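What follows is a set of notes on a single structure, which appears directly below.
Quick caveat, the model's predicted, so the values are computed rather than measured. In listed order, ligands and their atoms are each counted from 1. Side chains are part of it too, since the values below use all heavy atoms of this structure and drop only hydrogens, waters and symmetry mates.
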Amino acid sequence: MTADARQPPEARSSRAQLALALRRYRLLFGEVVEDWNGFIDALARPLATCVWSHPGRVEGAALMDLLGEQGVPAAPVPWLAGAPGTALLLPPAFKAGQHWWYCAGLAHAQEAVSQLPALLLGLAPGQRVLDLCAAPGGKTAQIALALGNGGTLLANDFAPERIAALQGNLDRLGIVNVSTTWADGANYPAAAGPFDRILVDAPCSSEGTLRRNPRLVGKMGPERSRRMASRQRALLRKAARLCRPGGRILYSTCTFAPEENELVVADILAEQDGRLRLLPASRSAQPPGLASGPGVIRWQGRVLPDELAHCLRVWPHANDTGGFFVAVLEKAADAPCLPEPKSVALTLEASDADRCAAVAQYYGLPEIGTRFRAHRQTRRGLHLVALDHAAPGAPPTQARGLFFHRTNLRPAKLTTAGALLLGAGASRQVLDLDTPGERDAYLRREILVPTAAQRANCRPGQVMVRHRGWPLGVAVLHRSGDLESLFPRKWSGCTAGV
Ligand SMILES: C[S@@+](CC[C@H](N)C(=O)[O-])C[C@H]1O[C@@H](n2cnc3c(N)ncnc32)[C@H](O)[C@@H]1O
């Protein structure tokens, strides 16, 4: 089936509709970009799906092999070669989330252009980072991995239901260096302390996602963009305050509207009066092989300072992607610095330390406390964070790290996120489901009857389920020989085998 055939015909916008809806940008063509017809043609085509491989779990080539076994063509994105993991383009409308390797946290689906911020932020382990508008967390996860899954990354969002989706993604991907917060980013407390890097991936009119969301075509316009701009300015203004002197802020949107892009950046630069400067994202820093354009410096009678050309615009027809905007700002080294934050003390009572030792012993895992800091946040069970993670006291955190051990059940149970994080190192109570049929039945929560050879390493009780060495989750091996899947219902978007 072709990609176009999969898309309901009424859902795609015609060229004429697109050209009408976007006509106010026509005057940028010939000035900062060429080929209006190519632009409209690109927006009328469906967009390739993009996934990145989890760098700690699978090589890009091995993920391509897994896709090849399913008959799915995959091609690396050359200009994302420096990003964490290998970015692979798959056919449009491909539903990555329904496949076993996705459930097992070997990959994450994220538009190719949306992977630019993690690449352009200049990340290195040891930095303290804030992702101010983080949900559903694709960029958070990439930043977390670029920091080596260590140190401190705060992921904030305004929408509680979107924080739940963010946490689900971080859990599946085994991220242990993130604390999540629920706050209006424009009022983020200064007590959270200075950050070396801040991502402001701002809420926007999303015109650059038209290839994925054709229905947006009726909802765009300058009024909407002007409304969004005041919130965007407030978010960027707060980021300027929270950034450490010498640190960087990356402001990004997925829209074409200069009102939400260069004009927002220009206003904040003017307010900051020399304490912030734009780094040249559109020239020296851009990834090799990416065709990008400069920022707009003239728009509807307003003339912006020349430095706004340092912003980077990715036009959909230049690399066959969605549209994207990036500005990288650096705070002056001699600007005043916020006081360092007070961090929350993470405690582990002796009974909980015994529980950690017991679970490690049960599955034959390396000692947990030498790699992670276990602690209790709720009565439900225990979380793991990176050893050097320091969550601030304000704003209050929603969760610190990954919920790995459910202790309010009898018997206590390793969570699926815990199994995905730790299970590759298990040497006891491991049951391998090596056929695709068994693997998919486990993910669909069906009862399985493993062979005596499969059960050889296991006593009745909880077992770690793996497929070709990759952990999938936990199950209960009953005395009858039945294997009862404990794969979570809420992750069953991963219905497998689709
Ligand atoms: C473009 S999306 C972020 C996408 C995310 N960075 C990712 O890569 O998955 C913008 C997000 O900003 C959040 N948001 C909107 N207003 C906000 C505010 N005042 N403070 C914090 N987050 C806000 C929205 O809930 C939304 O999740």
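Protein heavy atom in closest approach to atom 6 (N) of ligand 1: Asp201 OD2, 2.7 Å. In this structure, atom 21 (C) of ligand 1 lies nearest to the protein heavy atom Gly185 N, 3.5 Å. The nearest heavy-atom contact from the protein to atom 7 (C) of ligand 1 is Ala134 O, 3.6 Å. In this structure, the protein non-hydrogen atom closest to atom 11 (C) of ligand 1 is Asp157 OD2, 3.5 Å. Nearest protein heavy-atom neighbour of atom 17 (C) of ligand 1: Phe158 CB, 3.5 Å. The protein heavy-atom contact nearest to atom 19 (N) of ligand 1 is Asp184 OD1, 2.8 Å.
In this structure, the side chains of Leu472 and Cys103 stay at 4.5 Å or more apart for every pair of heavy atoms.
Checking Trp299 against Glu262 by side-chain atom types alone, no donor-acceptor pair falls below 3.5 Å.
Evaluated for a salt bridge (Lys or Arg N to Asp or Glu O under 4.0 Å) with Glu259, the options Arg24, Arg224, Arg227, Arg302 yield exactly one hit, Arg24. The ring-ring contact (aromatic ring centres under 6.0 Å, His included) test with Trp315 is passed by exactly one of Trp36, Phe39, Tyr25: Phe39.
Checking only distances, Ala159 never comes within under 3.5 Å of ligand 1, N or O to N or O. Considering backbone and side-chain N/O atoms, Asn156 never comes within less than 3.5 Å of an N/O atom of ligand 1.
Listed by number with element, the atoms of ligand 1 under 4.0 angstrom from any heavy atom of Ala202 are 1 (C).
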